[in-house]
Amino acid sequence: MMEQLDKSAIQMDGFFEKISGHEQVMFCNDPATGLKAIIAIHDTTLGPALGGTRMHPYESVEDALEDVLRLSEGMTYKCAAADLDFGGGKAVIIGDPSTDKSPALFRAFGQFVDSLNSRFYTGTDMGTTMDDFVHAMKETNYINGIPEAYGGGGDTSIPTSEGVIYALKATNKHLFGSEKLSERAYAIQGLGKVGFKVCEHLLESGASVYVTDINEKALEEIQAIGRQLKNPVKVEGTDEIYRVDADVFVPCAMGGVLNEETIAELKVKAVVGSANNQLAKEDLIEMLATRDILYAPDYIVNAGGLISVADELYGFNQERVLLKTKAIYSSILEIYEQAKRENMTTLEAADLKCKRTLAEQKNRNNFFSRTKRPKWNFDG
Ligand code: NAD
């Protein structure tokens with residue numbers, strides 16, 4: 001018995017070490033519906049934790065835990081970078097999204113979210129859809145990213161694409177002294193919800209645009225717009241897009257596209273796009289720097305969607321969302337300038353900016369006030 005106790009004590013030590021950077025990790029178990037989920041709250045210095053719920057058939061609880069810890073920490077930085085009054089959180093449901101979903105499972109999940117009493121707000125992520133959260137919403141108000149019909153902000157790709165445009169302008173300003181979009185050439189990878197809007201904006205501004213997509217229909221549509229605007233689009237193959245003679249590469253398709261081979265091919269002076277996790281490995285930022293290619297940190301560039309989702313908690317206002325999205329311009333410029341001044345990578349500069357915001361707010365949180373801070377006083 002004694003031996004058993006000692007063993008479990010050792011395991012617990014390892015577990016707490018793993019979650020030592022997090023405020024709270026909650027394991028949710030509901031045998032009646034088959035729900036097995038983990039909710040991780042990384043840091044609530046800036047406000048309640050905000051982050052989506054991912055559903056995936058993880059091979060082990062350890063894999064699920066690792067994912068939720070990593071993703072929730074990332075959310076702390078994303079929120080800090082976008083100047084949102086939210087902390088970092090994330091949830092994972094262990095299960096196959098195509099076979100293991102049921103309304104009851106999501107209602108059970110909603111109850112667990114509700115039990116955190118506004119410490120955690122969540123919505124869709126990979127493997128979950130708004131249809132799932134309609135069930136969770138019967139049990140909790142702490143759901144966001146909801147359809148317009150339910151009072152949400154709707155299509156996040158609108159502010160996300162606006163954010164990409166601001167980041168492109170800031171990049172032009174830093175590299176070429178003028179933010180004008182029209183004077184440069186761009187290579188856009190992916191003409192989906194975000195990439196298409198970015199491309200349209202660039203074509204309207206008179207810029208020279210190369211595009212690629214695997215979706216023929218999207219290519220035809222953008223070519224028609226180019227013809228209408230008398231600014232023809234240059235269509236490239238999916239492998240050729242890395243090699244075109246443009247000023248900026250704009251990845252708006254999927255993650256992991258910047259690897260040793262593709263970085264070696266790039267002729268551009270900067271990479272600025274909406275895709276999440278563009279670098280196949282984080283240390284590839286060094287390779288970009290060696291090749292003198294400026295990298296705009298993806299989580300700063302694509303914050304428009306998060307700004308929109310966060311805004312729902314105040315009662316959605318499109319104008320306010322676009323105003324906050326505009327700040328991506330100055331954020332990106334500040335990061336470029338600090339990286340240059342202090343001879344660091346743009347990812348390091350972005351990291352420092354977020355840490356500074358968190359440290360400043362930690363000091364503010366020491367100041368006692370009888371009333372709840374209005375910004376945290378959501379209707380919930
Ligand atoms: P989407 O699915 O609408 O568009 C992706 C596009 O990429 C599609 O047109 C698809 O055909 C194309 N594509 C797929 N494989 C390709 C390939 N090999 N080469 C070229 N094109 C390819 O997605 P989206 O909403 O436009 O988002 C684009 C990226 O931005 C994603 O990485 C997403 O995670 C990220 N992002 C989006 C938002 C948002 O608000 N939509 C917010 C933050 C980040």
Side-chain angles (χ1 to χ4, degrees), residues 52 54 78 82 97 123-131 145-148 152-168 171 181 185-205 207-229 231-242 244 246 248-259 262 266 268 270-280 296-309 318 321-322 325 328:
R54 188 168 277 198
K78 279 189 177 195
T124 59
D125 198 87
M126 273 160 58
T128 58
T129 67
M130 209 46 240
D131 288 341
I146 58 177
E148 276 169 289
D155 186 0
T156 56
S157 69
I158 298 169
T160 303
S161 56
E162 292 273 334
V164 175
I165 293 292
Y166 283 122
L168 286 170
T171 304
L181 295 168
Y186 307 85
I188 304 178
Q189 182 182 51
L191 293 171
K193 294 183 287 296
V194 178
F196 199 95
K197 294 182 186 75
V198 169
C199 190
E200 246 185 316
H201 191 123
L202 290 173
L203 287 172
E204 279 165 8
S205 77
S208 169
V209 184
Y210 299 84
V211 297
T212 190
D213 201 300
I214 50 170
N215 179 351
E216 287 295 328
K217 196 164 161 270
L219 289 171
E220 280 164 23
E221 276 177 32
I222 206 70
Q223 282 175 291
I225 291 175
R227 279 193 299 271
Q228 237 173 24
L229 293 167
N231 183 5
V233 182
K234 295 167 267 299
V235 175
E236 300 290 333
T238 50
D239 291 337
E240 281 71 43
I241 197 74
Y242 302 103
V244 298
V248 188
F249 176 57
V250 188
C252 294
M254 60 273 166
V257 294
L258 298 173
N259 55 41
T262 56
L266 289 176
V268 293
V271 176
V272 183
S274 74
N276 277 310
N277 308 318
Q278 294 159 23
L279 294 162
D298 47 11
Y299 72 97
I300 314 257
V301 175
N302 70 21
L306 180 64
I307 292 170
S308 167
V309 163
Q318 179 90 30
V321 168
L322 295 179
T325 303
I328 290 175

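Quick note: residue numbers are just sequence positions, from 1. Quick note: numbers below take in every heavy atom, side chains included, and nothing from hydrogens, waters or symmetry partners.
Residues Asn302 and Val194 are not in side-chain contact: their nearest non-hydrogen atoms beyond the backbone lie 4.5 Å or more apart.
When every heavy atom of Cys252 is checked against every heavy atom of Gly195, the shortest pair comes out as CB-CA, 3.8 Å. Minimum interatomic distance between Ala270 and Thr171 (heavy atoms only, all atoms of both residues): CB-CG2, 3.6 Å. Taking every heavy atom of both residues into account, Leu181 and Ala207 meet most closely at O-CB, 3.4 Å.
For the atom pair CD (Glu236) and CD1 (Ile188), the distance works out to 12.0 Å, reported to the nearest 0.5 Å. In this structure, CG on Leu266 lies 6.5 Å from CG on Leu258, to the nearest 0.5 angstrom. The structure places CD1 of Ile328 at 8.5 Å from CD1 of Ile300, a figure rounded to the nearest 0.5 Å. Considering CD1 of Ile222 and CG of Asn215, their distance stands at 11.5 Å, rounded to 0.5 Å.
Screening residues 208-221 for salt bridge (charged side-chain N to carboxylate O under 4.0 Å, His left out) gives Lys217-Glu221 as the qualifying pairs, with residues at least two apart or on separate chains. The salt bridge (charged side-chain N to carboxylate O under 4.0 Å, His left out) contacts involving residues 271-280 comprise nothing, where partners must be two or more places apart or lie in separate chains. Among residues at least two apart or in separate chains, salt bridge (charged side-chain N to carboxylate O under 4.0 Å, His left out) pairs with a member in residues 187-203 are Asp155-Lys197.
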Please list, one pair per line, the donor and acceptor atoms closer than 3.5 Å that link side chains of residues 159-168 to other protein atoms, with sequence neighbours excluded.
unit_1 : atom_1 : unit_2 : atom_2 : d
Thr160 : OG1    : Thr156 : O      : 2.8
Thr160 : OG1    : Gly305 : N      : 3.1
Ser161 : OG     : Ser157 : O      : 2.9
Ser161 : OG     : Ile158 : O      : 2.9

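Listed by chain and residue number, nothing satisfies the ring pair (Phe, Tyr, Trp, His ring centres under 6.0 Å) test with Tyr210 (two or more places apart in sequence, or in another chain). By the side-chain hydrogen bond (donor to acceptor under 3.5 Å, both in side chains) test, Asn259 pairs with Thr262, sequence neighbours left out.
Exactly one of Ile241, Val244, Val272 qualifies for a side-chain contact (heavy atoms from CB on, under 4.5 Å) with Phe249. That residue is Ile241.
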